[in-house]
Chemist: 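Following this message is one structure expressed as structure tokens.
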Amino acid sequence: MLNIINKSPLSGNSLDSCLNVAAGGEILLIEDAVYAATTGNAFEKKIREAMGRFKIYALQPDIEARGLADRVIEGVSTVGYDGFVDLVVANRNCQSWL
Amino acid sequence: MKFGIVVNEGPYQHQASDSAYLFCKAAIEKGHEVWRVFFYHDGVNNATKLTEPPQDDRNIVNRWSRLAEEHGVDLVVCVAAALRRGIRDENLASGFRISGLGQLVEAGIQADRLVTFGD
Amino acid sequence: MSEEGIKKFMFVNRKAPYGTIYALEALEVVLITAAFDQDVSLAFLDDGVYQLKKGQQTKGIETKNFSPTYRALEGYDIEKLYVEKESLEARGLSEEDLLVDVTVLSRAEMGNLMEEQDVLLSF
């Protein structure tokens with residue numbers, strides 16, 4: 001499954017919930033969720049731990065918009081909207097953790 | 001592949017409508033079909049032609065209308081959510097139509113993937 | 001998708017009622033989906049479990065109390081209501097506090113169930 005997250009992990013529990021509940025697969029961080037993909041963020045450790053169970057992606061235009069292009073955690077793959085489309089196609093189902 | 005899209009938030013207030021639009025554009029550019037976009041909750045506010053953003057801002061409503069015109073995307077606004085929020089046929093932007101929630105369920109059934117954008 | 005063309009729809013409820021309209025409008029979609037003869041299930045996790053709390057009295061906030069609708073779902077053949085155990089516990093709730101019969105699942109069971117779905121809708 002493709003799990004889509006759009007909230008900062010420091011303001012809501014969507015990403016935490018997804019990491020706790022989802023059975024694995026892929027996670028795409030979009031909108032304010034891209035803050036979770038950055039080094040030095042209090043959530044960094046959880047992201048690194050989750051990398052064993054999930055493949056983690058972050059939306060590059062949202063990263064750039066927020067001035068974070070130079071601090072994406074190594075191992076998080078960045079994609080454009082075209083890559084977002086490819087991820088939805090490649091997974092049998094998707095869920096937006098709103 | 002055939003996509004269904006759900007937009008749950010209004011324009012300008014939340015990024016959901018922008019993200020959904022840019023996703024649709026990318027999907028179409030890759031040769032996929034965006035079969036229907038369903039606007040629900042405050043998402044129905046994407047459908048009012050009375051929207052008038054400042055000149056230097058994107059026109060979110062027109063952008064959706066153009067997508068419908070150029071690529072035959074079916075833009076459906078939930079009737080119950082629309083009436084609650086003052087969206088009616090009189091102020092509906094071009095390319096949008098007001099219909100029932102069954103259209104959302106149908107999108108789930110007919111599309112290969114249903115992607116939700118919301119808060 | 002199954003051979004008969006029936007899809008598995010899961011409605012994922014993670015938001016509390018009244019503070020925002022999502023819970024009410026989610027319920028409206030659920031009722032419509034039932035008419036399409038699809039395989040419908042509802043999942044309640046995080047603050048979504050508060051939607052099922054017994055004893056909701058909304059007179060004072062002048063808002064419609066839609067909680068009785070959850071009990072009416074059975075009449076529409078919607079009987080798959082799943083609640084995540086850890087979410088209940090984190091809110092000091094147990095099955096007895098809920099206004100309708102549910103199946104309580106662990107996080108892992110909930111995750112596996114989500115994986116089986118064709119369409120996951122959350123509001």
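First the proteins, then the strands, lettered A, B, ... as listed; each starts at 1.
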Chemist: B:F117 versus A:I4: any side-chain heavy-atom pair under 4.5 Å?
Modeler: no
Chemist: With the side chain counted from C-beta on, respond yes when A:F84 and B:L22 share a heavy-atom pair under 4.5 Å apart, and no when they do not.
Modeler: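 Counting from C-beta outward, A:F84 and B:L22 never come under 4.5 Å.
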Chemist: Could you tell me which portion of A:L2 (side chain, backbone, both or neither) has an atom closer than 4.5 angstrom to a non-hydrogen atom of chain B?
Modeler: neither
Chemist: Would the number of heavy atoms belonging to other residues, nucleotides or ligands and lying under 6.0 Å from CZ of A:R53 be above 12?
Modeler: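 Atom CZ in A:R53 is crowded, with more than 12 foreign heavy atoms closer than 6.0 Å.
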Chemist: Below 3.5 Å only, please: all the donor-acceptor pairs between chain A and chain B, one per line.
Modeler:
unit_1: A:N6; atom_1: ND2; unit_2: B:G118; atom_2: O; d: 2.8
unit_1: A:K7; atom_1: NZ; unit_2: B:D119; atom_2: O; d: 3.3
unit_1: A:E31; atom_1: OE2; unit_2: B:S19; atom_2: OG; d: 2.6
unit_1: A:D62; atom_1: OD1; unit_2: B:Q15; atom_2: NE2; d: 2.7
unit_1: A:R66; atom_1: NH2; unit_2: B:Q15; atom_2: OE1; d: 2.8
unit_1: A:D86; atom_1: OD1; unit_2: B:K30; atom_2: NZ; d: 3.2
unit_1: A:D86; atom_1: OD2; unit_2: B:K30; atom_2: NZ; d: 3.3
unit_1: A:V88; atom_1: O; unit_2: B:R113; atom_2: NE; d: 2.9
unit_1: A:V89; atom_1: O; unit_2: B:R113; atom_2: NH2; d: 2.9
unit_1: A:N91; atom_1: O; unit_2: B:R113; atom_2: NE; d: 2.6
unit_1: A:N91; atom_1: O; unit_2: B:R113; atom_2: NH2; d: 2.9
unit_1: A:S96; atom_1: OG; unit_2: B:T116; atom_2: O; d: 2.6

